**Q** 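Structure below; questions to follow.
If you're wondering where the values come from, they're calculated on a predicted model, not measured in any experiment. Side-chain atoms are counted along with the backbone in the values below, which use heavy atoms only and exclude waters and symmetry mates.
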Amino acid sequence: MSERSAVKSALKAQRIETPSWGYGNSGTRFKVFAQPGVPRDPFEKLADAAQVHAVTGVAPKVSLHIPWDRVEDYAELAAHAHGLGVEIGAVNANVFQDDDYKLGSVTHPDAHVRRKAVDHLLECVDIMDATGSRDLKLWFSDGTNYPGQDDIAARQGRLAEALAEVYARLGDTQRILLEYKLFEPAFYTMDVPDWGTAFAHCLTLGPKAQVVVDTGHHAPGTNIEFIVAFLLREGKLGGFDFNSRFYADDDLMAGAADPFQLFRIMHEVAKNGGLDARTGVAFMLDQCHNIEAKIPAVIRSVMNVQEATAKALLVDLDALGAAQQSGDVLAANAVLMDAFATDVRPLLAEVREETGLNPDPLAAYRATGWAEKTAAERVGGEQAGWGA
């Protein structure tokens, strides 16, 4: 197989998971901007996600968020997804939008609140069973705002106890993906503030617990690709929440603010075997489209991840290794810069055409008239959104 053929094969095999909440209304802390045609329930969210997969060919999985996506019959929801040509991906727990969680959920000082939170996490595993989901994605808003507010070490013990109970409930093919975040909504301490904390808890739990890297959850200047390389080396990189940021957790379209960073991350992924399906790395989007149209924004994000991946696959690893071994700093850097500077859009157009797709996914979507159709039909009811 030629190098070009190998790159194209890898691009055809790539899968990018889209978020159900990316199709609903969202906004800032101050305002949610409603859009016409927004889904009113999880079934309509899946229908929108199916449009993304239909024009990109690489987005067959859709993450759920509970209780935002709660339904009476999850087997029915999974069957509905299959009928649309997609499937249920990760199940995301929500233990941050209830009044009881003001001082924390699984790390709350009150055992009754902790019990409520853990029961919700166990409910999410039940939903995984019903939908065929592999991944339970856990992000905790737990933390403190003031020195002395709570016992930092004790909160870590409560967190470990909760994670252990949920871990014991997992099936053989299921896993926990533990997400971290430097700050927000807590500002003095977050209980899972960084990859090291998440990594330590996952090591203690066992092989069915891995770290998920949200690209917006780091201090400015953090070398995310180092984190990715380290976690891959240790077999603990479970997945990504791709988005983009200028300042903090902006949740902009993936690759919109810093495409070079996305390329550098995907270089480490590609070089260290992370594109191999056997590693289990889940490439997920986690974004809130506040002012732009929902489906086109998701499509653009998928395309941006594909472009970064294509450039990463074009890195001349032999030349890079030789330059690194000889200590030729400029030559090594030039290898990466040459790959990043490559226009991979014609290559991706070929890949799409070879799989029977329109080479321009956005044009293909516009041609369907889906936006106009849903705007006319989705009238009445309550639009889906995260309730800000």
Side-chain angles (χ1 to χ4, degrees), residues 1-14 16 180 182 194-196 199 211-237 239-248 250 252-276 279 281 283 285 300-351:
M1 182 183 294
S2 71
E3 180 182 352
R4 185 178 181 84
S5 296
V7 169
K8 290 165 76 172
S9 294
L11 291 170
K12 291 175 184 177
Q14 186 177 33
I16 300 166
Y180 57 91
L182 177 66
D194 52 37
W195 70 272
F199 178 66
V211 180
V212 62
V213 176
D214 185 306
T215 48
H217 285 190
H218 304 84
T222 298
N223 190 314
I224 299 174
E225 52 268 36
F226 169 83
I227 299 169
V228 169
F230 182 91
L231 292 174
L232 273 170
R233 183 179 182 274
E234 299 298 320
K236 281 295 185 181
L237 180 63
F240 291 94
D241 273 356
F242 281 128
N243 50 59
S244 201
R245 47 79 67 85
F246 287 104
Y247 297 103
D250 302 345
L252 300 175
M253 293 182 294
D258 192 349
F260 185 46
Q261 181 192 64
L262 184 56
F263 160 75
R264 299 194 311 264
I265 290 170
M266 291 311 302
H267 166 62
E268 294 300 332
V269 170
K271 182 170 67 71
N272 294 294
L275 291 176
D276 189 329
T279 65
V281 177
F283 300 97
L285 303 179
R300 171 55 67 188
S301 294
V302 170
M303 294 170 66
N304 288 350
V305 174
Q306 286 183 298
E307 289 182 16
T309 304
K311 292 180 179 187
L313 289 167
L314 291 176
V315 172
D316 187 336
L317 294 180
D318 291 336
L320 180 63
Q324 291 171 340
Q325 189 64 34
S326 66
D328 192 335
V329 175
L330 291 177
N333 179 251
V335 171
L336 286 184
M337 297 309 296
D338 286 346
F340 179 67
T342 303
D343 184 357
V344 296
R345 291 173 297 178
L347 173 64
L348 283 163
E350 283 183 37
V351 168

**Q** Looking only at heavy atoms, which two atoms of His218 and Leu182 are closest? And how far apart?
**A**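 Between these two residues, the closest heavy atoms are C-CD2, 4.0 Å.
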**Q** Is a donor on one side and an acceptor on the other found under 3.5 Å between the side chain of Lys311 and the backbone of Phe340?
**A** yes
**Q** So which atom in Thr215 and which in Ile224 form the shortest heavy-atom distance, rounded to 0.1 Å?
**A** O-CD1, 3.5 Å
**Q** Among residues two or more places apart or on two chains, list those pairs meeting side chain to side chain donor-acceptor pair (under 3.5 Å) that have a residue in residues 267-276.
**A** Glu268-Asn272, Asp276-Arg278
**Q** With the side chain counted from C-beta on, respond yes when Phe242 and Ile16 share a heavy-atom pair under 4.5 Å apart, and no when they do not.
**A**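 Of all side-chain heavy-atom pairs linking Ile16 with Phe242, none is under 4.5 Å.
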**Q** Give me each pair satisfying side chain to side chain donor-acceptor pair (under 3.5 Å) with a member in residues 253-265, each pair once, sequence neighbours excluded.
**A** Glu225-Arg264
**Q** Just so I know, are the side chains of Thr279 and Leu237 near enough to count as touching, which here means a heavy-atom distance under 4.5 Å?
**A**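 They are not in side-chain contact.
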**Q** When rounded to the nearest 0.5 angstrom, what distance separates CH2 in Trp195 from NZ in Lys236?
**A**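 Reported value, rounded in 0.5 Å steps: 13.0 Å.
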**Q** Any idea which heavy atoms bring Gly255 and Asn304 closest together, and the distance?
**A**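 Looks like C-ND2, 4.2 Å.
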**Q** Rounded to the nearest 0.5 Å, how far apart are CG of Leu275 and CG of Leu313?
**A**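 So the gap between those two atoms works out to 5.5 Å.
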**Q** So, do Val305 and Gln14 sit near enough that their side-chain heavy atoms are less than 4.5 Å apart?
**A**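 SC-SC contact between Val305 and Gln14 confirmed.
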**Q** How far does CG of Leu336 sit from CG of Leu314, to the nearest 0.5 angstrom?
**A** 12.0 Å
**Q** Output every pair passing side chain to side chain donor-acceptor pair (under 3.5 Å) with a member in residues 323-343, not counting sequence neighbours, ordered by first then second residue.
**A**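 Every side chain to side chain donor-acceptor pair (under 3.5 Å) pair that includes a residue of residues 323-343, provided the two are not neighbours, is Asp343-Arg345.
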**Q** Could you give the distance from OG1 (Thr222) to NE2 (His217), rounded to the nearest 0.5 Å?
**A**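 Thr222 atom OG1 to His217 atom NE2 measures 12.5 Å (nearest 0.5 Å).
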**Q** Show the nearest heavy-atom pair for residues Phe283 and Gly274, with the distance to one decimal.
**A** CZ-O, 3.7 Å
**Q** Could you pull out the closest heavy-atom pair between Val315 and Ala339, with the gap in Å?
**A** CG2-CB, 3.6 Å
**Q** Please round to the nearest 0.5 Å and tell me the distance separating atom CD1 of Ile227 and atom CZ of Phe199.
**A** 12.0 Å
**Q** Between Thr309 and Leu11, is there a side-chain heavy-atom distance shorter than 4.5 Å?
**A** yes
**Q** For the pair Asp250 and Asn243, evaluate side-chain hydrogen bond (donor to acceptor under 3.5 Å, both in side chains) and give the outcome as yes or no after the intermediate values.
**A** CA-CA 8 Å; Asp250 302 345; Asn243 50 59; over 6 Å; no
**Q** Looking only at non-hydrogen atoms, find the nearest pair between Val344 and Glu307 and report the distance.
**A** CG2-O, 3.7 Å
**Q** Can you tell if the side chain of Val213 reaches within under 4.5 Å of the side chain of Tyr180, non-hydrogen atoms only?
**A** yes
